[in-house]
Amino acid sequence: MCQKRQRKGEVAFVMDEARHPENKGSRLERLISGLERFSAWTACFFLVVNVGDILLGIFCRYVLRSSIVWTEEVARFSLVWMVMMGALGAAVKGDHMVIDFVVPRFPAALRRLVEWGRFFLAAGILSLMIWLGTVNAVQIWHMKTLALNIPKTIPLLSLPVGFGFLLIGTIFLHFRKGEE
């Protein structure tokens with residue numbers, strides 16, 4: 001696993017390149033892992049924003065006896081962004097709901113047909129959601145949120161962005177199954 005390398009006056013243990021965790025799997029596997037990592041870190045960022053915002057609102061309301069107007073909007077928008085960005089991680093890990101007690105009993109050819117049908121259905125629905133979400137978000141650029149006074153497009157873009165990541169992940173995951 002590790003190799004001992006000696007240079008003049010020093011000893012170092014170096015991991016085999018083939019066994020290094022980042023070198024495992026194909027290029028597609030590394031892309032999926034990178035997308036999942038980006039999705040997870042982005043969702044974590046929005047979780048920190050959400051919790052911090054809620055704690056700030058509680059502190060101001062009950063300790064300082066004065067509420068901040070925008071805390072509820074930030075909490076709501078960060079929650080939606082967090083969920084949409086974290087959805088890819090759940091898809092990669094297989095944590096989304098699935099009913100799979102029938103399909104594994106099918107013959108191999110029928111299973112492949114169902115997998116392709118599931119893939120095209122998911123890709124079609126995700127593409128439609130990206131399109132409709134983008135159209136909706138762009139059309140209301142002129143409208144502002146009540147407390148933050150930012151364009152409503154910014155929170156609404158969470159849907160097409162999140163569904164876009166899900167679509168890319170769905171495509172990569174489908175072709176990963178093909179490699180297996």
Side-chain angles (χ1 to χ4, degrees), residues 15 20-25 27-100 118-119 121-177:
M15 183 177 283
H20 195 277
E22 291 183 10
N23 290 338
K24 288 208 176 204
R27 182 175 181 202
L28 182 61
E29 196 65 42
R30 288 192 304 271
L31 278 171
I32 293 169
S33 177
L35 269 175
E36 180 197 9
R37 195 174 307 118
F38 177 77
S39 169
W41 279 107
T42 308
C44 285
F45 168 77
F46 284 113
L47 176 64
V48 168
V49 169
N50 188 278
V51 170
D53 175 65
I54 290 170
L55 291 175
L56 175 67
I58 291 170
F59 176 78
C60 288
R61 178 172 297 188
Y62 294 108
V63 175
L64 301 179
R65 305 271 184 218
S66 175
S67 295
I68 300 175
V69 177
W70 48 262
T71 56
E72 185 271 331
E73 265 187 13
V74 170
R76 187 169 7 112
F77 297 157
S78 63
L79 180 66
V80 173
W81 272 98
M82 177 185 62
V83 168
M84 292 309 298
M85 293 308 294
L88 176 63
V92 169
K93 299 285 186 197
D95 290 338
H96 286 292
M97 186 183 81
V98 64
I99 301 171
D100 63 351
R118 205 184 298 174
F119 168 70
L121 181 65
I125 290 171
L126 290 170
S127 298
L128 180 65
M129 294 304 293
I130 293 167
W131 170 254
L132 293 175
T134 303
V135 167
N136 184 36
V138 169
Q139 282 181 346
I140 62 169
W141 176 261
H142 63 280
M143 296 176 71
K144 305 282 186 195
T145 61
L146 292 176
L148 292 172
N149 201 28
I150 60 171
K152 284 191 175 183
T153 300
I154 294 170
L156 286 178
L157 277 177
S158 63
L159 295 173
V161 169
F163 286 129
F165 276 110
L166 269 174
L167 178 61
I168 292 167
T170 299
I171 292 168
F172 286 170
L173 290 171
H174 182 76
F175 288 112
R176 178 177 76 179
K177 285 181 185 175

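In what follows, every heavy atom counts, from backbone to side chain, and hydrogens, waters and symmetry copies are set aside.
- Using modelled atom types, no side-chain atom of Thr145 and backbone atom of Lys152 make a donor-acceptor pair closer than 3.5 Å.
- Between Leu159 and Met129 the shortest side-chain heavy-atom distance does not fall below 4.5 Å.
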Please report the C-alpha distance between Asn50 and Met82 in whole Å, then the side-chain angles of each, then the deciding distance to 0.1 Å, and finally whether the side chain to side chain contact (heavy atoms under 4.5 Å, CB included) criterion is met. CA-CA 9 Å; Asn50 188 278; Met82 177 185 62; 5.5 Å; no

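- Summarising the geometry, atom CZ belonging to Phe175 is positioned 9.0 Å from atom CG belonging to Leu28; distances are rounded to the nearest 0.5 Å.
- With hydrogens and angles disregarded, no donor-acceptor distance shorter than 3.5 Å links the side chain of His174 to the backbone of Arg118.
- Shown here is Arg76, whose CZ atom has more than 12 heavy atoms of other residues, nucleotides or ligands within 6.0 Å.
- Side-chain contact between Cys60 and Leu56 is present, with heavy atoms from C-beta onward closer than 4.5 Å.
- Between Ala91 and Leu166 the shortest heavy-atom distance is CB-CD2, 3.9 Å.
- The side-chain heavy atoms of Trp81 and Val49, taken from C-beta on, include no pair separated by under 4.5 Å.
- Between Pro160 and Gly133, the shortest heavy-atom distance links the atoms CG-C, 3.8 Å.
- Leu79 has its side chain out of reach of Phe46: every pair of non-hydrogen atoms, C-beta onward, lies at least 4.5 Å apart.
- Looking at Pro151 and Lys144, their side chains come closer than 4.5 Å, going by heavy atoms from C-beta outward.
- Atom OG1 of residue Thr153 and atom CG of residue Asn136 lie 8.5 Å apart, to the nearest 0.5 angstrom.
- Contact between Gly89 and Ser39 at its shortest, heavy atoms only, is N-OG, 3.6 Å.
- Ser33 pairs in a side-chain hydrogen bond (donor to acceptor under 3.5 Å, both in side chains) with only one of the listed residues (Glu36, Arg37, Arg30, Glu29), which is Arg37.
- Sorted by first and then second residue, the ring-ring contact (aromatic ring centres under 6.0 Å, His included) pairs with a member in residues 148-171 read Phe38-Phe165; sequence neighbours excluded.
- Shown here for Arg61 and Ser67, the closest heavy-atom pair between the two residues is NE-OG, 3.2 Å.
- Taking all atoms of both residues into account, the shortest heavy-atom contact from Ala75 to Asp53 is N-OD2, 3.1 Å.
- Within 6.0 Å of atom CG in Leu146, 12 or fewer heavy atoms from other residues, nucleotides or ligands are found, so the atom counts as exposed in its surroundings.
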